[in-house]
Amino acid sequence: MAKRDIVFKWITYGIVLLLVCLLQLFIADRISFFGVRPILLPLCVVTIGIFEGPLGGIGFGLATGILSLIAIYRTPILILLFLPLMGMISGLISEYVIQSRFLGSLLCSMICFVCIEGYHILPRLLIGIPIEPLFRIALPELVYSVLCLIPVYFFFHLAHRRIERIYH
């Protein structure tokens, strides 16, 4: 791929990321099932890690982390480390473990959201909050977010196929 083609590819992915961010901010944050809302931006990082490999996942994870800090209220600063790490892990899993893109995205999304929920639950467990109420929030959030992988994956898959069709 020529340099111009690579730039076009990443601009396309960036546009899809912005669309998913708008979807997160204006639709998903307003629709609550079982008292929880989905988290969409980590799904973008996982999907790009699957499509583009570990290096693409790291770069896209960093860009998504910066976007999260700017656009989403109360995003922890650790997201700048976590999302690139998840992008790298997703890329490595796609290269060495699961060749299926959707199944790889599903597995990596589960890993990602287990880590996110663990980040939310563990400090509360350490101060003595019972585990049952925590899991009543964490499990539906995990399931709801992973179910949102279907439309997010679909958007990025369309962009990826379009780019492949143009340049291959």
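Side chains included, hydrogens not; waters and symmetry mates left out as well; all remaining heavy atoms used. It should be emphasised that the depicted structure is a prediction, and the values quoted were computed from it without experimental measurement.
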Please round to the nearest 0.5 Å and tell me the distance separating atom OG of Ser94 and atom CG of Leu103. 12.5 Å
Got a second to check how far Gln24's CD is from Ile39's CD1, nearest 0.5 Å? 7.5 Å
Residue Phe82 excluded, over 12 heavy atoms near CZ under 6.0 Å: yes
Supply the atom-to-atom distance Ile93 CD1 to Glu95 CD, rounded to the nearest 0.5 angstrom. 11.5 Å
Between Leu81 and Ile66, is there shared hydrophobic-cluster membership here, with clusters defined by ILVMFWY side-chain heavy atoms closer than 4.5 Å? no
Below 4.5 Å, heavy atoms only, C-beta onward: do Met86 and Ile111 meet side chain to side chain? yes
Nearest 0.5 Å please: distance from the CD1 atom of Ile129 over to the CD1 atom of Ile127. 4.0 Å
Take Leu43 and Leu41, measure what side-chain contact (heavy atoms from CB on, under 4.5 Å) needs, and give me the verdict at the end. CA-CA 5 Å; Leu43 297 172; Leu41 293 183; over 6 Å; no
Report yes if the side chains of Leu80 and Ile77 come closer than 4.5 Å at any heavy-atom pair, otherwise no. yes
Should Leu23 and Ile70 be regarded as members of a common hydrophobic cluster, given that ILVMFWY residues are connected when their side-chain heavy atoms come within less than 4.5 Å of each other, either directly or indirectly? yes
Name the one of His160, His157, Arg101 that satisfies side-chain contact (heavy atoms from CB on, under 4.5 Å) with Ile50? Arg101
Linked, directly or transitively: Leu62 and Leu18 (ILVMFWY side chains, under 4.5 Å): yes
Between Ser145 and Leu142 (side chain of the first, backbone of the second, donor and acceptor by atom type, cut-off under 3.5 Å), is there such a pair? no
Taking all non-hydrogen atoms of both residues, which atom of Leu125 and which atom of Pro130 are closest, and how far apart? CD2-C, 4.5 Å
For Leu40 and Cys148, work out which heavy atoms get closest and say how close. CD2-CB, 3.4 Å
If hydrophobic clusters are built by linking Ile, Leu, Val, Met, Phe, Trp and Tyr wherever their side-chain heavy atoms come under 4.5 Å apart, do Phe155 and Ile163 end up in the same one? yes
Criterion side-chain contact (heavy atoms from CB on, under 4.5 Å) on Leu149 and Thr47, from CA distance to verdict: CA-CA 9 Å; Leu149 174 66; Thr47 303; 3.9 Å; yes
Are Val45 and Val97 linked, directly or through other ILVMFWY residues, by side chains that come within less than 4.5 angstrom of each other? yes
Does any part of the side chain of Leu17, heavy atoms only, come nearer than 4.5 Å to the side chain of Trp10, both counted from C-beta? no
Locate the shortest heavy-atom distance separating Pro123 from Gly118; write the atom from each residue and the value. CD-O, 4.1 Å
Which value, rounded to the nearest 0.5 Å, describes the distance between Leu158 atom CG and Thr12 atom OG1? 12.0 Å
Taking all non-hydrogen atoms of both residues into account, name the closest pair between Pro42 and Ile116 and its distance. CG-CD1, 3.9 Å
Considering only NZ, NE, NH1 and NH2 on the basic side and carboxylate oxygens on the acidic side, decide whether Arg37 and Glu141 come within less than 4.0 Å. no
How about Leu25 and Cys21: do any of their side-chain heavy atoms sit closer than 4.5 Å? yes
Does Leu85 form a side-chain contact (heavy atoms from CB on, under 4.5 Å) with Met88? I'd like the steps, not just the answer. CA-CA 5 Å; Leu85 179 66; Met88 181 185 73; 3.8 Å; yes
Could you walk me through whether Val146 and Val143 pass the side-chain contact (heavy atoms from CB on, under 4.5 Å) test, one step at a time? CA-CA 5 Å; Val146 169; Val143 171; over 6 Å; no
Pick one: which of Tyr153, Phe156, Phe60, Tyr13 meets ring-ring contact (aromatic ring centres under 6.0 Å, His included) with Phe51? Tyr153
Roughly how far, to the nearest 0.5 Å, is the CG atom of Asp29 from the CD1 atom of Ile72? 7.0 Å
Which atoms form the tightest heavy-atom contact between Cys108 and Val46, and what is the distance? CB-CG1, 3.4 Å
